[in-house]
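Sequence lines set the chain letters: A, B, ... in the order given, protein chains first and strands last, and positions in each chain run from 1. Values below: all heavy atoms of this structure, side chains included; hydrogens, waters and symmetry mates excluded.
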2 protein chains.
Amino acid sequence: MTAPRNEGTLADRAYRQIRQDIIEGRLAPGQKLKLEALTASYSFGMSPLREALSRLTGDQLVITEAQRGFWVAPLSVEELDDISRVRALVETEAVNLSVRQGDAQWVQDVTDAFEELRAVERELPAAESPLPPNLGDLWEAKNRAFHAALVSACHSPWLMRVRDLLYQQSERYRRLSLKSSRGRRAVHEEHAAIFEAAIKRDALRACRMTELHVQRTADEVRLALAALKDAGQLTQAVA
Amino acid sequence: MTAPRNEGTLADRAYRQIRQDIIEGRLAPGQKLKLEALTASYSFGMSPLREALSRLTGDQLVITEAQRGFWVAPLSVEELDDISRVRALVETEAVNLSVRQGDAQWVQDVTDAFEELRAVERELPAAESPLPPNLGDLWEAKNRAFHAALVSACHSPWLMRVRDLLYQQSERYRRLSLKSSRGRRAVHEEHAAIFEAAIKRDALRACRMTELHVQRTADEVRLALAALKDAGQLTQAVA
DNA sequence: ATAGCCCATATTTTCGAAATTTTAAAAGGG
DNA sequence: CCCTTTTAAAATTTCGAAAATATGGGCTAT
């Protein structure tokens, strides 16, 4: 059930670990990634680290300039909007295909994932209080699993690949708003609406609800992002 | 006008060169990529090569298995169909945005690119004869430039990134059918139809024509692929 | 024969240092 | 005083070899 997390080459592990650190915000947007410093904080050699960073540039989580090294990709409102629009396009198509093609097992998987998500969302504190970090991590995991289950029957490896890329990006943005204690709005109702439509095989409605969900999430993140920008928290270079 | 092709780090150059060799078929689908052999044929050291191959796995042009090395990504009819469907989705959205937002400069760029493509397509030999390699390269370049010009006003970096990824994949498949002397059908008429609609700002028609174009290209490649598969040319490991 | 094991070889992966390039500060000239 | 050039330091990139891992062939036991 649980895959050992020290699988694969050192480069693989470095890739996964740094990716997580970027998505979860432990490495700050725009931060310079000096190889020497990284060999110290992670305990990988330079070769695995370089390989990991190279691969992360493909995910647009790291940017690079020849001979000048690597940086954590910056965040911006413009990119948030761009990602959200493209993600709406791709995710709705994946949902559409999945709802139309999903078999009984898919229904079961989606239902299970939804129940687990519901359980977590029931425990969420009121809108204004900031979310404890580990609760945030748990919610992100269940949220990711729910959306992944939804599209799992689309039977299109390429659509999935692109979707995963975009999901990853949006998760990175979303974690920002989790920390900065935005109102958590009616997120569970949105999930419930998607779930209901999907189970009823109402593909059109499932798509519309998904699109709305992506848009509203973007709206929430946009507020958090603006607040951080005012506070000057965004371009800070954390050592 | 012409950028020197020995720009960037060795890893950058290796990346571009190998990518081109895969797309243009000089490295065969499924072929094992042994580091030692690559250091010999290209004259890069192992480090730049490894970095290049790592980055290419992100483009899905190379696949890798931990501790077992790298292979040129295989081709298959299933993947061709998958890529074509997703590409139709993404490319039509990009065309749609571009047609609606493109300014005078965009019209000019599209027109220029179309004229250059027309000039090449006028010279194309009759449907049954195989295309000479350099004519094929020229046509591919003009075709790529035309389609790139079409979507250049979509103003969505992420849509473009995804589009480029898919275009690259489809070009790799398409080159297969160029070599194997398939009928070249009415490809110029398809381009002309897209062009006309785009210039007239008929976004819906431009999208429909683009979708048709992608589908028909896939149909043609599918035939070529089936022919190669029968001939057993596909999984051959070229030394 | 055939499956399983062991060894030699081939290959990938990683390390540590050398070479190259950038950066930033100091020196020199207008 | 400011701008260019020089120089030293810092960082990236690359190389070459060592370490780790996989592969394939032959051997033995069943």
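For residues 34-45 of chain B, the set of pairs meeting the side chain to side chain donor-acceptor pair (under 3.5 Å) definition, not counting sequence neighbours, comprises B/Asp21-B/Tyr42.
Nucleotide C/dT14 holds its C1' atom 16 Å from the CG atom of B/Leu49, rounded to whole Å.
Salt bridge annotation for B/Arg55-B/Glu51: absent, with no cationic side-chain nitrogen under 4.0 angstrom from a carboxylate oxygen.
Relative to the ring axis of A/Tyr167, A/Arg174 places its NZ or CZ within 45° and under 6.0 Å from the centre.
Of the inter-residue distances, the one linking A/Arg85 atom CZ with A/Leu166 atom CG reads 12.5 Å to the nearest 0.5 angstrom.
Listed by chain and residue number, B/Lys142 satisfy the side chain to side chain donor-acceptor pair (under 3.5 Å) test with B/Glu116 (two or more places apart in sequence, or in another chain). Every side chain to side chain donor-acceptor pair (under 3.5 Å) that A/Thr217 has, sequence neighbours left out, goes to A/Arg185.
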Acceptor/donor pairs from residues 147-156 of chain B side chains to any protein atom, 3.5 angstrom cut, sequence neighbours excluded:
from	atom 1	to	atom 2	distance (Å)
B/His147	NE2	B/Asn143	OD1	3.3
B/His147	NE2	B/His191	NE2	3.3
B/His147	NE2	B/His213	NE2	3.3
B/Ser152	OG	B/Ala149	O	2.7
B/His155	NE2	B/Ala153	O	3.4
B/Ser156	OG	A/Asp82	OD1	2.4
B/Ser156	OG	B/Leu159	N	3.2

For each nucleotide in nucleotides 5-21 of chain D, reading 5' to 3', give B when a protein heavy atom comes within less than 4.0 Å of its base, S when such contact involves only the sugar-phosphate, and - otherwise. ------SBBBB-----S
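Side-chain contact check for B/Glu91 and B/Thr210: no donor-acceptor pair (N or O, by modelled atom type) lies under 3.5 Å.
Using five terminal pairs a side, the axes of the helix from C/dA1-D/dT30 to C/dG30-D/dC1 at its two ends make an angle of 10°, given in steps of 10 degrees.
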